[in-house]
Amino acid sequence: NNLSKEVLSRLLLHVVIYARTSPVQKEYILSSLKELGITTLMCGDGTNDVGALKQAHVGVALLSAQAARQVEKAEEMRRKKIEAKKNSTMKRFGMGQYVEAQRKAEREKKKQLKRERELKEQEDEEDQPMNAEELQKKMWDQLMGQLDGDDEFGEDGMMEVKP
């Protein structure tokens, strides 16, 4: 605190690694380096280093083994809740109905993706000019679709072809 900002700024440029500093000092160092336009990385345990980790361009929070176990435990509890919900649904509707519902949802999702893909392809095709052969093929396909009951004719009975 006794040094001027100018002196601190010059010192900051010559130090690469800081250790044994208080949380306030860490935050000050990182914000000062950022003001000087220097890219910063902060590595800390995440508890009292939160301010400095937020100030850094790259913040790496190291978890202790106990914290890592807590994260794993929380993940395991989440998986158990999901499994319990799944089992509850299977009991309520029966296994066969549950599996069929899952399959139906998958089929619907595939249909939706196919429709979206076809619409995208159709939009792409509409943007492309057609040559005579492509126009003739499109008209033929529309005619065959009409014969198969797939109406692509206008209200006046005329075939609608967009070149």
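Numbers for residues simply follow the sequence, beginning at 1.
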Exercise: identify the closest heavy-atom pair between [X] and [Y]:
X: Leu53; Y: Ala61; answer: CD1-CB, 4.1 Å
X: Ala52; Y: Glu27; answer: CB-N, 4.0 Å
X: His14; Y: Arg10; answer: CD2-O, 2.9 Å

So for atom NZ, which belongs to Lys34, do other residues, nucleotides or ligands contribute more than 12 heavy atoms lying within a distance under 6.0 Å? yes
Distance (rounded to the nearest 0.5 Å) between [X] [atom1] and [Y] [atom2]:
X: Glu83; Y: Glu76; atom1: CD; atom2: CD; value: 10.5 Å
X: Cys43; Y: Ile17; atom1: SG; atom2: CD1; value: 10.5 Å
X: Ser32; Y: Gln55; atom1: OG; atom2: CD; value: 9.0 Å
X: Glu35; Y: Leu12; atom1: CD; atom2: CG; value: 10.0 Å

Between [X] and [Y], is there a shared hydrophobic cluster once you connect ILVMFWY residues whose side-chain heavy atoms come closer than 4.5 Å?
X: Tyr18; Y: Leu36; answer: yes
X: Val7; Y: Val15; answer: no
X: Leu8; Y: Ile29; answer: no

Ion pair check, Arg79 and Glu75, cut-off under 4.0 Å: yes
Side chains of Gln112 and Glu116: any donor to acceptor distance under 3.5 Å? yes
Do His57 and Thr40 pair up side chain to side chain, a donor and an acceptor below 3.5 Å, judged on atom types alone? yes
Under the side-chain contact (heavy atoms from CB on, under 4.5 Å) criterion, do Tyr28 and Leu33 qualify, and how do the steps go? CA-CA 9 Å; Tyr28 174 78; Leu33 287 170; over 6 Å; no
Verdict with supporting geometry, Asp49 and Met42, side-chain contact (heavy atoms from CB on, under 4.5 Å): CA-CA 9 Å; Asp49 296 328; Met42 169 66 188; 3.8 Å; yes
Looking at Lys111, Glu118, Lys110, which one forms a side chain to side chain contact (heavy atoms under 4.5 Å, CB included) with Lys114? Glu118
Just so I know, are the side chains of Ile38 and Leu13 near enough to count as touching, which here means a heavy-atom distance under 4.5 Å? yes
With no hydrogens and no angle check, is any side-chain donor or acceptor of Gln25 less than 3.5 Å from a backbone partner on Ser22? yes
